[in-house]
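Here is the structure we will look at.
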Amino acid sequence: MNQARRGSVLNFTKMHGLGNDFVVVDAISQPFRLSTETIRELGNRNFGIGFDQLLVVEPPGLPDVDFRYRIFNSDGSEVEQCGNGARCFARFVRDQRLTNKKIIRVQTAKGVIELRVGKGGLITVDMGVPEMNPPAIPFAADRRKEVYTVEVAGQTVELTALSMGNPHGVLLVDDVDTAPVTELGPRLENHPRFPARANIGFLQILDRSHIRLRVFERGAGETLACGSGACAAVVAGRLRGLLDARVDVELRGGHLVVEWQGEGSPVMMEGTATSVFEGQVRLAGEAQPRRRKSPGKNARQGDGKPAQNRQQRSRQTAASRR
Ligand SMILES: N[C@H](CCC[C@H](N)C(=O)O)C(=O)O
């Protein structure tokens, strides 16, 4: 990847999948290399642009693959999989005329996934085959079980652990609205039995083909939706014999349809992808003007330091920002 000169301007597109929001960067036609610290700054909803994840589009690194895409949580950690991000990725590369294909193969840190652009803005993602063997999740356990008991916050909880390319723990709850997401989410995200941390799903089963779900995401906190979390929840429900193959998943930001035929099969996820606005951000390190201009010209962070990044949003649609 080319090194973006400090103080240079980065073009980006703000997108979301059911309110799980992303900054998407084309690193094919512009130089891009950001430090973890700069990614964190850009992800900050007060001092930066704000996002749950940053998605970076790169040229393919493998034959018979169209693109490579890298995924960074707002805490700066790079991860293997992002379901909502994959749909936004497919919309982005077509909107930006980087491809006109309707079936797009993309390499992630997890492997290669296939995206299909359908009618009415619906995009289907083959999220790959879920992995339940503890070492591959990774999850500390002496053998594979459908339900593990985990000691956390002075209590014993039951969860299903699996990988969708990224690690997930899924708990059954009676009602997502009263689920202990803020109490248990961060503690389980960082639990020692998840050595790479984990995304924690709180699953309410309405019937065999309808569920409600909230997800406390690794490296981002609770999001309005988590695509890989929706897939993990359906797999967990199926492993427990509680769900049919095709499930409507109601998340706080909207609905996904997830289908899994069972062990050894890939999980298919279908949903929308929304583009909100395009913008430019001037990366840290630009020469700050010496004399004070009007406040808008030389925004200052709360600690009195010159703002690290100034952004000029070139166009904002009517969609309200979360
Ligand atoms: N927080 C996740 C990455 C983003 C996943 C989520 N946004 C999705 O739609 O799958 C992780 O650290 O594995």
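These numbers come from the heavy atoms of this one structure, side chains and all, not from hydrogens, waters or symmetry mates. Computed from a predicted model, the values in this text were never measured in an experiment. Atoms within each ligand, like the ligands themselves, are counted from 1 in listed order.
- The shortest N or O to N or O distance between Q81 and ligand 1 is not under 3.5 Å.
- Using cut-offs of 30° and 60° on the angle between ring planes, the pair F12 and F277 is perpendicular.
- Listed by number with element, the atoms of ligand 1 under 4.0 Å from a non-hydrogen atom of S228 are 5 (C), 8 (C), 9 (O), 10 (O).
- Salt bridge E189/R218: absent, no basic N to carboxylate O contact under 4.0 Å.
- Checked options T223, N73, N20; the residue passing with D52 is N20 (criterion: side chain to side chain donor-acceptor pair (under 3.5 Å)).
- Close contacts between ligand 1 and N84 involve ligand atoms 8 (C), 9 (O) [criterion: under 4.0 Å to a heavy atom].
- Under a 4.0 angstrom heavy-atom cut-off, C226 registers as being in contact with ligand 1.
- Residue contacts with ligand 1: N199 is included, with a non-hydrogen atom under 4.0 Å away.
- Scanning the protein for heavy atoms near atom 7 (N) of ligand 1, the closest one is N20 OD1, 2.8 Å.
- Residue contact check: N166 has heavy atoms under 4.0 Å from atoms 2 (C), 11 (C), 13 (O) of ligand 1.
- For the pair E217 and ligand 1, the shortest N or O to N or O distance falls below 3.5 Å.
- In this structure, D52 does not count as a contact residue of ligand 1, since none of its heavy atoms falls inside 4.0 Å of the ligand.
- Between R105 and D66, none of the side-chain N atoms (NZ, or NE/NH1/NH2) sits under 4.0 Å from a carboxylate O, so this pair counts as no salt bridge.
- Below 30°, between 30° and 60°, or above 60°: for F67 and F89 the angle between ring planes is above 60°, a perpendicular geometry.
- Taking every non-hydrogen atom of N73 and a distance limit under 4.0 Å, the qualifying atoms of ligand 1 come out as 1 (N), 2 (C), 3 (C), 11 (C), 12 (O).
- Contact atoms of ligand 1 toward G83: 8 (C), 9 (O), 10 (O) (distance under 4.0 Å to a heavy atom of the residue).
- Remark: ligand 1 atoms within the under-4.0 Å shell around heavy atoms of G227 are 8 (C), 9 (O), 10 (O).
- Salt-bridge annotation for R45 and D21: present, with a side-chain N of the basic residue lying under 4.0 Å from a carboxylate O of the acidic one.
- Judged by distance alone, the side chains of E151 and T156 do bring a donor and an acceptor atom under 3.5 Å apart.
- Counting heavy atoms of neighbouring residues, nucleotides and ligands inside a 6.0 Å radius, atom CZ of R94 exceeds 12 of them.
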